[in-house]
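Encoded as structure tokens, the structure appears first; notes follow it.
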Amino acid sequence: MSNTLTIDGNTIPFTDGQTIMQAATATGVYIPHLCHHPEFTPHGSCKLCTVKVNGRICSACTFPAMAGQNVLSNTQELTADRKKITQMLFVEGNHFCPSCEKTGNCQLQAVAYHLNMLDDHYPLFYPQRAVDASHHEVLIDHNRCIFCTLCVRASQQTDGKNVFAISGRGINKHLIVNADSGLLKDTDLAASDRAAHICPTGAILIKHTAYQVPIGQRLYDHQQIDQVSLAQEQTPHGE
Amino acid sequence: MQAFIQSLVASHQHQPTHLLAILRAIQAQAHYIPEAAIKQVATLLNIPRSHIMGVIEFYSFLHLTPQGQYEILISDSITDQMLGKNELMAYLSEQLHVAVGAVRSDGLVSLNNTSCTGLCDQGPAGLVNGYALSRLSRARIDQIAALVEQQTPVNEWPCELFQVEDNIIQTDLLMTTPIESGAALKASYARGWSETLAEIDRAGLRGRGGAGFKTASKWQYCKDEAGPERYVVCNADEGEPGTFKDRVLLNTYAQQVFEGMTVCAAIIGATHGFLYLRGEYLFLYDKLQQILDERRQAGLLGNNILNSGLQFDIEICLGAGAYICGEESALIESLEGKMGIPRNRPPYPVSQGYLQKPTVVNNVETFLAAAHIAVHGGDAFAQIGTAQSKGTKILSISGDCARPGIYELPFGTTIHAVLAACGAEDVLGVQIGGPSGTFIANTEFDRRLAFEDLATGGSFIIFNHSRQLLDIAQNFTHFFALESCGFCTPCRVGTSLLKKQLDKIVDGHGSAGDVAELEALCQIVKNHSHCGLGQTAANPILSTLERYPELYQSRLKAISYEPGFDLDAALATARRLANRNDAAAHLAQVEDSL
Ligand SMILES: Cc1cc2nc3c(=O)[nH]c(=O)nc-3n(C[C@H](O)[C@H](O)[C@H](O)COP(=O)(O)O)c2cc1C
Ligand code: SF4
Ligand code: SF4
Ligand code: FES
Ligand code: FES
């Protein structure tokens, strides 16, 4: 029994090379996450997956699983901190969920509900950000980007393209696309690309599909994100 | 421009890792990176244009829009402010007829603030087209304004404007009698490379960049990695406000620093090394290149060092205005021609560093000390200092004292003794280790310089009783918000929130719960940030809040609720539009609460 660790006291197996997040997901333990997606190289930027490993704070999505680790995840303290980090993501952008077509299908919103986030807590930044509606099938609403780079990675790693990138420093970070004009229509993005469907928020949307599924019947309207996430991401060990 | 870029990129062998150097050269030529240049460089290097855009927008010294033919930046470090920077900046802005943060309409000059330029002992300081200006005064500003108006090329400006002094005041083990060029290599070769590593281990040398990792262990780990290729990197990013000792070491002790790097290379088996020099130290570049040439000619670098078949050479890479690039993994990204974003660890640089190859990154002073140990052995070094901190520490002392400058002192020296040495009186407190370090009050001066007590990368800023603590905390907090790389949420958003929350309190708009809220926010940023920048960004607030809670409380309004925003400030735009500033155009938050 060398390749096991514990998460919140429960013993969990892992295989060499797995991260704590991968080991947890494979065993059916949900650790909140936004920038992590099992198909792509881990990024480690949103810090939602923050856990305590032998007393030290680590990102579960990037930290390697090792034998005997004592991992704390679902504690009051960590949940409170994750909620604060989620609130930071909300105030940094412009997230008017009731008027957003992603509402109910949005991971940011769903994780906020999961963490029992009832207000923004911090002062809103109200940044001035644009909408790029130039592409005939795909829309970018920069107001809702949380810089998770999933679209960047999906375009590179699955689509074999390089449509998106994150530019700028600090609070001025922003999403850019790979075209001289700076417009999405002048990139080689196709609506069928993985990158066009990976955004956890409402920042990249497929046009002409809004409200086909009415509010009330959406992904997170009847299930919590932990159930949805495990249903989508859990694959048995060794696969 | 097209031909210039063509030959520029060719001179860099079309290496995408040289992107930063290429963009620096274009910026120096055109005072921005034109759209056509981005396209051309993307094609020539065969990299996506978005990668180039990312790099330009990451580094403060690169621009997408034209800057003035004279790009003037003034250091906004607390030490420069204490020397009258704010007043001088206003005067400069007036004399040049350009607003701070703007380009003059004729395009001749642009003016802005920049983070600490490392001339804290001879400020107020600045940069003109990348070259350091020292000891700014009204007279010097008049001179500068005239030179700009006459359009005198910067290389024809009087050299006293660019005079940078070493100000070495007190020396000890490393600086009093520097080793001869080649001595460390010869001694190590005679002793054996492994035996030399054992001497460095015996010396108990720990990294001088701040974290204090054991140098011998770092070199040993790197040496033990499989694969033929390894790298040595000297970290001369020196971005921590108040630090300038690496500048002096490179100005006057560069031979010894390069020698330390070469000893390291021989021990770990590296053939290539880098000196990552912060952009603010551009004025040292030519001199350092010349020293490298001399060392090549003397057989101390190159393909056959000491005629022993040993191979090693050093390349100098300039930064472009980003404090985060001092963090070793961000520095490596920058060396690879990318944005300086800290990597996820593990893997650590010793196993996967530059181009994913095992890499040793050490501070300038660490290499200097290693060269000394290679000549004189570990025991002599270990005799000085304390149980856990061997040898000496080179301090950059600035602020309120009679003799600011460089002091080499044994580890274990008390703060009292340091203050006596530099002639500081009426001291309120000292910032040790720069903004990311600790503020200590005048009741704590029995504490010692040592990894086990007050660790420091070398920054030592003294404040007397005329200084306002909250102004200091505010300056440092703004610094971190400006320098956050933006990769992770707690630091990207958290440092901006810290800035807003502290400003709110300092400006007198805080109320009952605001100090507790500030402290809670500090904990989130400190505990959850990805790298050392975010993890220490709350220190200026935490260390002053711990010592002077009443100071923060005294700024709060005596009201029980927490105003979410400042009513009067929110009307600023309306006032500007209406061109009004009379009493009736202002609103009080509450019925006169004070
Ligand atoms: C934000 C940040 C900035 C840093 N800046 C520097 C620097 O300017 N110079 C330096 O030597 N180390 C700096 N460091 C520490 C380096 O990451 C690294 O620990 C050091 O270069 C290792 O060398 P040493 O063991 O010789 O100290 C910085 C770390 C952080 C987190
Ligand atoms: S657009 Fe969406 S997927 Fe891309 S970085 Fe922003 S939030 Fe992430
Ligand atoms: S802590 Fe700050 S500087 Fe470090 S990675 Fe995160 S955002 Fe970047
Ligand atoms: S999910 Fe781990 S940092 Fe985003
Ligand atoms: S609901 Fe619109 S971004 Fe989440």
Side-chain angles (χ1 to χ4, degrees), chain A residues 19 34-35 41-48 50 52 57-59 61-64 77-78 80-93 120-125 146-149 152 156 161-180 182 187, chain B residues 35-36 38-39 42 47-60 64 321-322 324 339-347 480-497 499-501 504 517 520-521 523-530 533-535 564-565:
Chain A
T19 60
L34 281 169
C35 72
T41 318
H43 194 239
S45 61
C46 74
K47 301 298 175 202
L48 251 293
T50 201
K52 263 195 183 163
I57 288 179
C58 298
S59 305
C61 69
T62 55
F63 206 76
E77 185 195 352
L78 285 169
D81 286 0
R82 286 177 186 142
K83 184 164 90 178
K84 290 264 177 74
I85 293 168
T86 310
Q87 284 164 325
M88 287 183 177
L89 288 171
F90 270 88
V91 299
E92 176 193 27
D120 286 327
H121 186 79
Y122 298 116
L124 290 154
F125 284 48
I146 58 168
F147 318 116
C148 70
T149 76
V152 179
Q156 289 169 350
K161 300 180 185 179
N162 215 328
V163 175
F164 300 100
I166 301 285
S167 186
R169 186 169 90 197
I171 200 68
N172 298 318
K173 268 210 154 28
H174 55 273
L175 182 75
I176 58 171
V177 298
N178 227 333
D180 292 349
T187 67
Chain B
E35 177 57 36
I38 297 174
K39 258 192 227 177
I47 55 177
R49 63 169 274 120
S50 55
H51 177 96
I52 301 177
M53 292 289 291
V55 170
I56 298 170
E57 293 196 287
F58 189 88
Y59 294 94
S60 303
L64 285 172
I324 189 59
M339 302 191 272
I341 292 177
R343 294 177 176 174
N344 284 302
R345 277 156 298 172
F480 287 118
L482 189 73
E483 296 293 344
S484 163
C485 86
F487 171 78
C488 70
T489 315
C491 174
R492 182 183 67 243
V493 188
T495 54
S496 280
L497 285 171
K499 175 176 153 178
K500 283 176 202 254
Q501 184 72 6
K504 180 182 173 189
E517 175 58 36
L521 182 58
Q523 295 302 337
I524 299 279
V525 177
K526 182 186 169 101
N527 293 335
H528 296 288
S529 288
H530 176 68
L533 190 154
Q535 288 157 12
F565 71 109

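Per chain, numbering begins at 1; letters A, B, ... match sequence-line order. Only this structure's heavy atoms are used, side chains among them; waters, hydrogens and symmetry mates stay out. Fair warning: this is a prediction, and the values are worked out from it, not measured in the lab.
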Interatomic spacing from [atom1] in [X] to [atom2] in [Y] - rounded to 0.5 Å:
{"X": "B/Arg492", "Y": "A/Asn172", "atom1": "CZ", "atom2": "CG", "result": "11.0 Å"}
{"X": "A/Thr50", "Y": "B/His530", "atom1": "OG1", "atom2": "NE2", "result": "12.0 Å"}
{"X": "B/Leu497", "Y": "A/His121", "atom1": "CG", "atom2": "NE2", "result": "9.0 Å"}
{"X": "B/Thr489", "Y": "A/Leu48", "atom1": "OG1", "atom2": "CG", "result": "7.0 Å"}
{"X": "A/Lys52", "Y": "B/Asn527", "atom1": "NZ", "atom2": "CG", "result": "7.5 Å"}
{"X": "A/Arg169", "Y": "B/Tyr59", "atom1": "CZ", "atom2": "OH", "result": "9.5 Å"}

Test item: A/Pro64 and B/Pro346 side chains (from C-beta on) under 4.5 Å apart, heavy atoms: yes
pair B/His528-A/Arg82: side-chain heavy atoms closer than 4.5 Å: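 They are not in contact (no side-chain heavy atoms under 4.5 Å apart), so the answer is no.
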Which bit of [X] is near chain B, if near means a heavy-atom gap under 4.5 Å: side chain, backbone, both or neither?
{"X": "A/Ala80", "result": "neither"}
{"X": "A/Ile176", "result": "side chain"}
{"X": "A/Ile85", "result": "both"}
{"X": "A/Leu175", "result": "neither"}

Please classify the contact of [X] with chain A as side chain, backbone, both or neither, using a heavy-atom distance under 4.5 Å.
{"X": "B/Ala322", "answer": "both"}
{"X": "B/Asn344", "answer": "side chain"}
{"X": "B/Met53", "answer": "both"}

Largest heavy-atom contact set with chain B, pairs under 4.5 Å, which of A/Thr149, A/Leu89, A/Leu124, A/Asp81: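 Of the candidates given, the most pairs with chain B belong to A/Asp81.
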Option that, when pairs with chain B are counted at under 4.5 Å, heavy atom only, ranks first among A/Cys35, A/Pro42, A/Gly168: A/Gly168
What are the two closest non-hydrogen atoms of [X] and [Y], and how far apart are they?
{"X": "B/Ser496", "Y": "A/Phe125", "answer": "CB-CE2, 3.7 Å"}
{"X": "B/Pro490", "Y": "A/Met88", "answer": "CA-SD, 3.9 Å"}
{"X": "B/Ala520", "Y": "A/Lys84", "answer": "CB-NZ, 4.4 Å"}

Donor-acceptor under 3.5 Å (B/Ser50 side chain, A/Val177 main chain):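 No; zero donor-acceptor contacts below 3.5 Å.
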Cation-pi check, A/Lys173 onto B/Phe487 ring (under 6.0 Å, within 45° of axis): no
Interface residue of largest heavy-atom contact number with chain A, from B/Arg345, B/Glu35, B/Arg49, B/Gln523, under 4.5 Å: B/Arg49
Contact winner vs chain A - B/Thr495, B/Val493, B/Ile56, heavy-atom pairs under 4.5 Å: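 Of the candidates given, the most pairs with chain A belong to B/Val493.
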